[in-house]
Amino acid sequence: MQPVRIVSGTAVPLDRSDVDTDQIIPSDWLKRVERTGFGQGLFGEWRDDRDFVLNKPEYAGAVILVAGPNFGVGSSREHAVWALMDYGFQAVVAPRFGDIFRNNATKSGLLPVQLDAEAAGALMRAVLADPALDITIDVERRTLSAPGAGIEASFPLDPFIQHRLLEGLDDIGLTLRHRDDIDRFEGGRPAWMPTSA
Amino acid sequence: MVAASTPQPRTLADKVWDRHLVRSGDGEPDLLYIDLHLVHEVTSPQAFDGLRMEGRPVRRPDLTVATMDHNVPTTGLDRPIEDPVSAKQMEVLSANCAEFGIRLYAMGDPHQGIVHIIGPELGLTQPDMTVVCGDSHTSTHGAFGALAFGIGTSEVEHVLATQTLAQPRPKTMAVNVEGELPPGVTAKDIVLAIIGRIGTGGGIGHVIEYRGSAIRALSMEGRMTVCNMSIEAGARAGMVAPDETTFAYLEGRDHAPKGAEWERALEDWRSLATDEGATFDKEVSIDASTLTPHVTWGTNPGQVLPLSASVPDPASFDDPSARDAASRALAYMGLTAGTPLRDIPVDTVFIGSCTNGRIEDLRAAAAVADGRRVASSVRALVVPGSGQVKAQAEAEGLDRVFTAAGFEWRDPGCSMCLAMNPDKLAPGERSASTSNRNFEGRQGRGGRTHLVSPEVAAATAVAGHFAAPADLS
Ligand code: SF4
């Protein structure tokens, strides 16, 4: 994973709640066995509608997606994260995220920015009003700022995940440093536990 | 020093969590040992690629089990698979399992089936285990008192390589369902009512423990149905404390402990229940005796009402985002506020999925279908959850009941739950489905899904519009 320190640019307002991962990347796309090329399928069914916000030229080139509450609920498909990133998004801002989506996002370096309802609402209105609004997200300081709209907010980020994002660290490598602990734990498991044998 | 010797009362979820801690502290998330890793063809190829790229082996192939379920066709298994992309994904799983030494229940194997159906059926899912799978409905396995949750592909790779998962400790939530369910009201109605109450985000960050006399009274099949849909309330996992019902289900299954081991396991499992005085971060109570059959009207499982209700008016929602979601849902679903739910005709009925594709579900649906006919305007599919469910149903003659009534009897798989195989809704088509997600396009692009119990699905197939068995003459 590449380190993620600052995300800065414009945003797309997706003003809906409960955007599930089936909408982010429809199941037709899940048959692929690669990790790349999912951007084309992002919001596949909604993009057929010419008025869908992603089709509006004034929001082209945005790197941040601003969405309503419960973004990324539903299916565990990490393809949703790959699709958002492949399309060009580096961060998603919402008042609340599905747990699995949030986990998946930080594994690939897509930044989930959880703002309280008030700040998220203000940002949504600001981005709807001004597609060119400049937004900066600072992982180190855990802040989001949009000076043009007078918005300055902070967001929670687990310190360990923050560290991993800032350094671009590989999760598996980190865990394998604790091989001895895993061996020890494994030695103490009850004998009745099943195996696939 | 009484305090020091009195252990803190703990919840079921906390106990299972604590027993799987490989390490904790140091400003890092807890590292949990994983007892069972279930794998299917859709969310695993990129994880195996990752292992290959780093030259890493699978740490415990013997704690890993794979099946094919999402892409498999449910008819004509003797013919080559029509969709080359689906076929390739299944071939890749076969090749990966062969390369890394993982047991695979491939298409055509008598034990093949939906991943969350075969784990319990084989006795692989047991109390006090941690179970993960690259699939959100892993929550199903919590019905046994296991801590079971869905993960993404990066985490699949992590578990394959390390047999552990780094996770922040979730919060706990008790959902107390007390009282006796009225006749014709099922586990599916309990869980739909819960999601209707707490919403699709109500469980985010929490493990739900389902408690109370109505949960205790459920069979293992019913408990699995409830735990299965925990994720639709946003919960990390759902659990039920193991009891005699659990043990009776498990005893004698292929992978269940045997002899003296069984006795030792039982003693251990009996100590898992939440301690008297343990506190949950959230509590919700539901009176089972007031529940009736439920049906969803919108495009998320929280948009649900009793069958006796009418399509709601978006203006009746106080919260602006719920109001907006409701009007968007009505437009997608092609529904008009005020229409009685019973008056809505359906084109397709789907009975199956990891929510309601078990033997008990098929028995319940067959009892309604027996001696009746599917309405001529309706296409009705029954897709057993696994090869074992199919064999059992056929031994009991359920297949003949269904086919005599005009249902199609299919081969096992996920099928029309998510439409990755050829079983799909056409745009604008409306279904009554026993699955778990009524998201836009879930059962096929433009398709309109209403979630119901197997009993309501079967009655709806006969009536041609939403109906409970009691509505049929
Ligand atoms: S039946 Fe549906 S919900 Fe269950 S595993 Fe298959 S696709 Fe997922």
Side-chain angles (χ1 to χ4, degrees), chain A residues 15-18 20-23 26-28 30-35 44-46 68-70 73-79 81-82 96-101 103-104 107-108 158-161 163 170-176 178-179 181-182 184-186 189-197, chain B residues 22-23 27-29 31 33 35 42-43 45-46 62-65 71 85-86 88-89 92 103 123-124 126 129 134-136 150-155 157-158 161-164 166 168 200-201 204-205 234 236 255 257 261 264-265 268 300 321 324-325 328 418-420 437 439-442 445:
Chain A
D15 193 7
R16 339 184 154 190
S17 64
D18 301 287
D20 59 77
T21 51
D22 275 71
Q23 305 320 313
S27 66
D28 286 354
L30 306 192
K31 296 181 186 182
R32 295 165 52 84
V33 295
E34 300 83 17
R35 235 178 219 268
E45 305 199 2
W46 292 345
N70 304 331
V73 289
S75 161
S76 64
R77 55 187 75 170
E78 195 163 320
H79 313 67
V81 170
W82 303 334
R96 194 160 54 186
F97 290 96
D99 286 320
I100 307 177
F101 175 84
N103 265 349
N104 289 344
K107 303 288 171 188
S108 298
D158 176 90
F160 181 71
I161 292 174
H163 170 70
D170 161 32
D171 244 2
I172 298 176
L174 288 176
T175 298
L176 288 175
H178 304 309
R179 228 184 238 126
D181 292 323
I182 303 173
R184 204 172 311 122
F185 183 93
E186 217 161 43
R189 295 175 71 236
W192 67 72
M193 298 212 105
T195 68
S196 58
Chain B
V22 171
R23 51 176 282 120
E28 292 183 14
L31 193 62
Y33 196 82
D35 293 317
V42 179
T43 54
Q46 298 87 351
D62 60 328
L63 302 185
T64 312
V65 176
N71 281 276
V85 198
S86 282
K88 164 138 190 244
Q89 193 163 60
V92 167
R103 175 108 175 221
L124 282 166
Q126 298 173 16
M129 286 176 67
D135 195 284
S136 58
I151 56 179
T153 298
S154 295
E155 290 178 317
E157 184 180 339
H158 190 279
T162 70
Q163 204 57 35
T164 65
T200 53
I204 286 180
R236 205 70 191 87
H255 292 270
E261 299 270 79
R264 244 171 278 154
D268 185 65
N300 74 54
S321 105
D324 179 53
R328 206 183 286 284
L418 93 164
M420 273 184 84
R437 288 189 171 139
F439 296 156
E440 288 180 27
R442 172 76 177 184
R445 215 178 169 106

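Just so we're on the same page: letters track the sequence lines, and every chain starts at 1. Since we're looking at a predicted model, the values are computed, not measured.
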Novice: Can you tell me if A/Asp99 uses its side chain to pair, donor with acceptor, with the backbone of B/Gly205 under 3.5 Å?
Specialist: yes
Novice: Are any side-chain N or O atoms of A/Thr195 and backbone N or O atoms of B/Leu63, one a donor and one an acceptor, separated by less than 3.5 Å?
Specialist: no
Novice: When rounded to the nearest 0.5 angstrom, what distance separates CD in B/Glu28 from CG in A/Leu174?
Specialist: 7.0 Å
Novice: Return the set of residues passing side chain to side chain contact (heavy atoms under 4.5 Å, CB included) with B/Val92 (not counting sequence neighbours), or none when no residue passes.
Specialist: A/Val33, B/Pro45, B/Lys88, B/Asn96
Novice: At a heavy-atom distance under 4.5 Å, which candidate from B/Glu157, B/Arg23, B/Met129, B/Glu261 has the highest pair count against chain A?
Specialist: B/Arg23
Novice: So, does A/Gln23 use its side chain to make a donor-acceptor pair with the main chain of B/Glu440 at under 3.5 Å?
Specialist: yes
Novice: B/Ile204 and A/Asn70: side-chain contact (heavy atoms from CB on, under 4.5 Å), yes or no, with the steps?
Specialist: CA-CA 9 Å; B/Ile204 286 180; A/Asn70 304 331; 3.7 Å; yes
Novice: By salt bridge (charged side-chain N to carboxylate O under 4.0 Å, His left out), which residues pair with A/Arg16, not counting sequence neighbours?
Specialist: none
Novice: Tell me which of these, B/Gly150, B/Gly234, B/Ala265, has more heavy-atom pairs under 4.5 Å with chain A than the rest.
Specialist: B/Ala265
Novice: Would you name the heavy atoms of A/His79 and B/Val42 that are closest together and state the gap between them?
Specialist: NE2-O, 3.7 Å
Novice: Please rank A/Glu34, A/Arg184, A/His178, A/Arg179 by heavy-atom pairs under 4.5 Å with chain B and give me the top one.
Specialist: A/His178
Novice: Counting only heavy atoms closer than 4.5 Å, note whether A/Phe185 contacts chain B via side chain, backbone, both or neither.
Specialist: side chain
Novice: A/Phe97 versus chain B, heavy atoms under 4.5 Å apart: side chain, backbone, both or neither?
Specialist: backbone
Novice: How far apart are the closest heavy atoms of A/Arg32 and B/Gln89, and which atoms are they?
Specialist: O-NE2, 3.6 Å
Novice: Which bit of A/Ser17 is near chain B, if near means a heavy-atom gap under 4.5 Å: side chain, backbone, both or neither?
Specialist: side chain
Novice: Quick check: does any side chain N or O of A/Lys107 sit under 3.5 Å from a backbone N or O of B/Glu155, one acting as donor and the other as acceptor?
Specialist: no
Novice: Against chain B, label A/Arg189 side chain, backbone, both or neither, depending on which of its atoms sit under 4.5 Å from a heavy atom there.
Specialist: side chain
Novice: Of all of B/Leu124, B/Asp324, B/Thr64, which one pairs up most often with chain A through heavy atoms under 4.5 Å apart?
Specialist: B/Leu124
Novice: Of the non-hydrogen atoms in B/Ala161 and A/Leu176, which two are nearest, and what is the gap between them?
Specialist: O-CD2, 4.2 Å
Novice: Using heavy-atom distances under 4.5 Å, tell me whether A/Asp28 contacts chain B through its side chain, its backbone, both, or neither.
Specialist: side chain
Novice: Nearest heavy-atom pair of B/Arg437 and A/Gly74: which atoms, and what distance?
Specialist: NH2-C, 3.0 Å
Novice: Against chain A, label B/Arg236 side chain, backbone, both or neither, depending on which of its atoms sit under 4.5 Å from a heavy atom there.
Specialist: both
Novice: Which bit of A/Asp171 is near chain B, if near means a heavy-atom gap under 4.5 Å: side chain, backbone, both or neither?
Specialist: both
Novice: Check each atom of A/Ala191 against the heavy atoms of chain B and say whether the ones under 4.5 Å are side chain, backbone, both or neither.
Specialist: both
Novice: I'd like to verify something: which residue of B/Ser321, B/Pro257, B/Pro29 has the highest number of heavy-atom pairs under 4.5 Å with chain A?
Specialist: B/Pro29
Novice: Closest heavy-atom contact between A/Ser196 and B/Arg103?
Specialist: O-NH1, 2.8 Å
Novice: Measure distances from B/Arg445 to the heavy atoms of chain A and classify the residue's part below 4.5 Å as side chain, backbone, both or neither.
Specialist: both
Novice: Measure across A/Ser76 and B/Ser136 and return the closest heavy-atom pair with its distance rounded to 0.1 Å.
Specialist: OG-N, 3.5 Å
Novice: Does the A/Asn104 side chain pair with the main chain of B/Gly152, one donor and one acceptor, at a distance under 3.5 Å?
Specialist: yes
Novice: When heavy-atom pairs shorter than 4.5 Å are enumerated against chain B, which of A/Trp46, A/Trp192, A/Phe101, A/Trp82 gives the highest number?
Specialist: A/Trp192
Novice: Take A/Asn103 and B/Ile151 through the test side-chain contact (heavy atoms from CB on, under 4.5 Å) and record every step on the way to the result.
Specialist: CA-CA 8 Å; A/Asn103 265 349; B/Ile151 56 179; over 6 Å; no
Novice: Sort out for me which of A/Gly173, A/Ser75, A/Ser108, A/Ala197 touches chain B most, counting heavy-atom pairs under 4.5 Å.
Specialist: A/Ser75
Novice: Taking every heavy-atom pair that is under 4.5 Å apart, which of A/Lys31, A/Glu78, A/Arg77 has the most such pairs with chain B?
Specialist: A/Lys31
Novice: Checking A/Asp15 against chain B: side chain, backbone, both or neither under 4.5 Å from a heavy atom?
Specialist: backbone
